[in-house]
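Structure record follows, encoded as structure tokens.
When reading the values below, keep in mind they use all heavy atoms of this one structure, side chains included, and skip hydrogens, waters and symmetry mates. These numbers were taken from a predicted model, which means no experiment stands behind them.
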Amino acid sequence: MTGADKEGAAVPMVGPSLTDLADIEPGARRWLHGLPGLPRLRHWPQLAKELGRLSRRAAERLGEVARAAVLDPAMRLGIRPEPLLRVEPGGRSDPARKGVALFVHFSPDGRISRMVRRQLETYDRLGFETVFLSNAPRIAEADWQEARARVALAVHRRNFALDFGAWQDVAPLVLRRWPQAEELLLVNDSVLGPIRPLDPVFAAMRAAGPGVFGLLESIQGGPHLQSWFLLARGREVVADLVAFLAALRLSVSKWHVVQRGELRLARAMRQRGHRVAAVYSYAALLERALSDPAERAYLAAALPWLEPRRALPEAEAVAAMRLRLLRRPVNPARLFWRVLYGPAGCPLIKTELIRRNPGRLPGVEVWRELVPPDPPCPLPEIEAHLRLMGAAPAR
């Protein structure tokens, strides 16, 4: 799990490469994205619990959609207040740069952690004119100035439509200020780290030519890139991504935003003829997990419905598990977390896995074992960020 063998010697990591997204799957399955699947009836001890969870999630989703049906038309009629509260130039800007990063921040009390400031410094070092976009309800002035010193532009906005709303609000400003942009990076602070250098990731993406590239592919709701790390390369690709953001119909509903933004982005870019690829594909992570008996046992413990109905030879049992995880895909940032953040070498860890563990996955308390020695972002800074966000790191 840690990238080291039992004797403590480092195991060399293979440099990242890009895999094109799986074929887009038509049909209604994508509308179920965000809802738990039905449990298998033979697992009676879990049945009531699973049905209760499904009922709660369905009720939450229906309430969210009903609220959006009332509030979204008002927004479209122009009742939405001015989104940008504060726009100020930052302390680090180089007009010769051709890359722009839009970094979205949120914290309950507006504090900006040292980990977040380190992430801003990282994107600046990697050659981006960074725009800091905070969706926080308020920001401590000292923290605001600390962030401003590390970016090209700082923006405080009303928190509407989450990251996609922030990206849409500033996209026209970006094109006016940096018309020569050949790279547009969409990122946020919903990830911890980096626990490994990001340089190899950007090297692989930049070597791939024009296209839209992400760290992680999900096939829940159809193949797409998880939107917490997206890089558009090439002026035409950047222009098409900005046009996609500008045309996006925003909503107060997170589910609508995911459906219209994250799930449609890959399809829209492919329809424009652009390559869409990920560093970590769902299929590759699945195969890596299934090839390890310990990981297969972990998945079976986490997902009772994954076990074959009867005892099978190993090869047949693995094939059955593979088929079920393709027909009923899981969120790879959660279910494959041991592989993704460990031996696969992903440099960023999704914060919600550590803070909330939404799937109630076993063993998450050992997440620190995935952090290599001397990471770019020290472990104490990650733990301090988790405390600032309102939850102590899982132990």
Separation between CE of Met115 and OG1 of Thr351, rounded to the nearest 0.5 Å: 5.5 Å

Taking every non-hydrogen atom, the tightest pair across Leu340 and Ala333: CD2-CA, 4.0 Å

Glu141 CD: over 12 foreign heavy atoms closer than 6.0 Å: yes

Donor-acceptor under 3.5 Å (Arg148 side chain, Pro89 main chain): yes

Cluster check Leu173, Phe160: I/L/V/M/F/W/Y, side chain < 4.5 angstrom: yes

Ring centres under 6.0 angstrom apart (Phe202, Phe128): yes

Note, Asp240 side chain near Val237 side chain (heavy atom, < 4.5 Å): no

Sub-4.5 Å side-chain heavy-atom contact between His385 and Glu381: no

Nearest-0.5 Å distance, CE of residue Met269 to CG of residue Leu225: 11.0 Å

Minimum-distance pair of heavy atoms, taken over all atoms of Ser107 and Leu388: CB-CD2, 3.9 Å

Gln119 (side chain) donor-acceptor with Val191 (main chain) under 3.5 angstrom: yes

N/O donor-acceptor pair under 3.5 Å between Tyr280 side chain and Pro332 backbone: no

Side chain to side chain donor-acceptor pair (under 3.5 Å) partners for Glu287, two or more places apart: Arg322

Co-membership, hydrophobic cluster, residues Leu133 and Phe106, 4.5 Å side-chain: no

Shared hydrophobic cluster for Leu18 and Leu198 (ILVMFWY, side-chain gaps under 4.5 Å): yes

Distance in Å, Asp124 CG paired with Phe103 CZ, rounded so as to fall on 0.5 Å steps: 13.0 Å

Side chain proximity check, Val131 to Val100, heavy atoms < 4.5 angstrom: yes

N/O donor-acceptor pair under 3.5 Å between Asp143 side chain and Ile112 backbone: yes

Arg360 side chain to Asn357 backbone, donor-acceptor under 3.5 Å: yes

Arg157 side chain near Ser134 side chain, heavy-atom distance below 4.5 Å: no

Same apolar cluster: Leu348 and Met205, side chain cutoff 4.5 Å: yes

Val170 and Leu102, any side-chain heavy atoms less than 4.5 Å apart: yes

Validation row: Arg86, Val155 side chains within 4.5 angstrom (heavy atoms): no

Arg111, CZ atom: more than 12 neighbouring heavy atoms under 6.0 Å: no

Cation-pi check, Arg324 onto Trp305 ring (under 6.0 Å, within 45° of axis): no

Exam field: side chain Arg150 to backbone Glu121, donor-acceptor pair closer than 3.5 Å: no

Nearest heavy-atom neighbours spanning Pro95 and Gln180: O-NE2, 3.3 Å

Closest contact, heavy atoms only, Ser93 versus Glu129: OG-OE1, 2.6 Å

Donor-acceptor contact present, side-chain Arg233 to main-chain Gly211, <3.5 Å: no

ILVMFWY network linking Leu162 to Leu250, side-chain heavy atoms under 4.5 angstrom: no

Whether Glu262 side chain and Ser227 backbone form a donor-acceptor pair below 3.5 Å: yes

Distance, nearest 0.5 Å, that separates NE2 of His105 from OG of Ser113: 7.0 Å

Ion pair check, Glu295 and Arg288, cut-off under 4.0 Å: no

Rounded distance [0.5 Å steps], CG in Leu241 versus CZ in Arg272: 12.0 Å

Nearest non-hydrogen partners of Ala302 and Pro362, listed with the distance: CB-CD, 4.0 Å

Mutual orientation of the aromatic rings belonging to Tyr282 and Phe336 [parallel < 30°, tilted 30-60°, perpendicular > 60°]: tilted

Under-4.0 Å salt bridge between Asp20 and Arg275: yes

Under 3.5 Å donor-acceptor, Gln226 side chain and Ser218 backbone: no

Reported CD-to-OG distance for the pair Glu352 and Ser190, which is rounded to 0.5 angstrom: 8.0 Å

Whether Phe229 and Tyr123 hold their rings parallel, tilted or perpendicular, with breakpoints at 30° and 60°: tilted

Parallel, tilted or perpendicular, as decided by the 30° and 60° cut-offs, for the rings of Tyr298 and Trp337: perpendicular

Mutual orientation of the aromatic rings belonging to Phe164 and Phe244 [parallel < 30°, tilted 30-60°, perpendicular > 60°]: perpendicular

Under 3.5 Å donor-acceptor, Arg296 side chain and Leu290 backbone: yes

4.5 Å side-chain heavy-atom contact, Leu216 and Cys346: no

Exercise: identify the closest heavy-atom pair between Pro200 and Pro16: O-CG, 3.4 Å

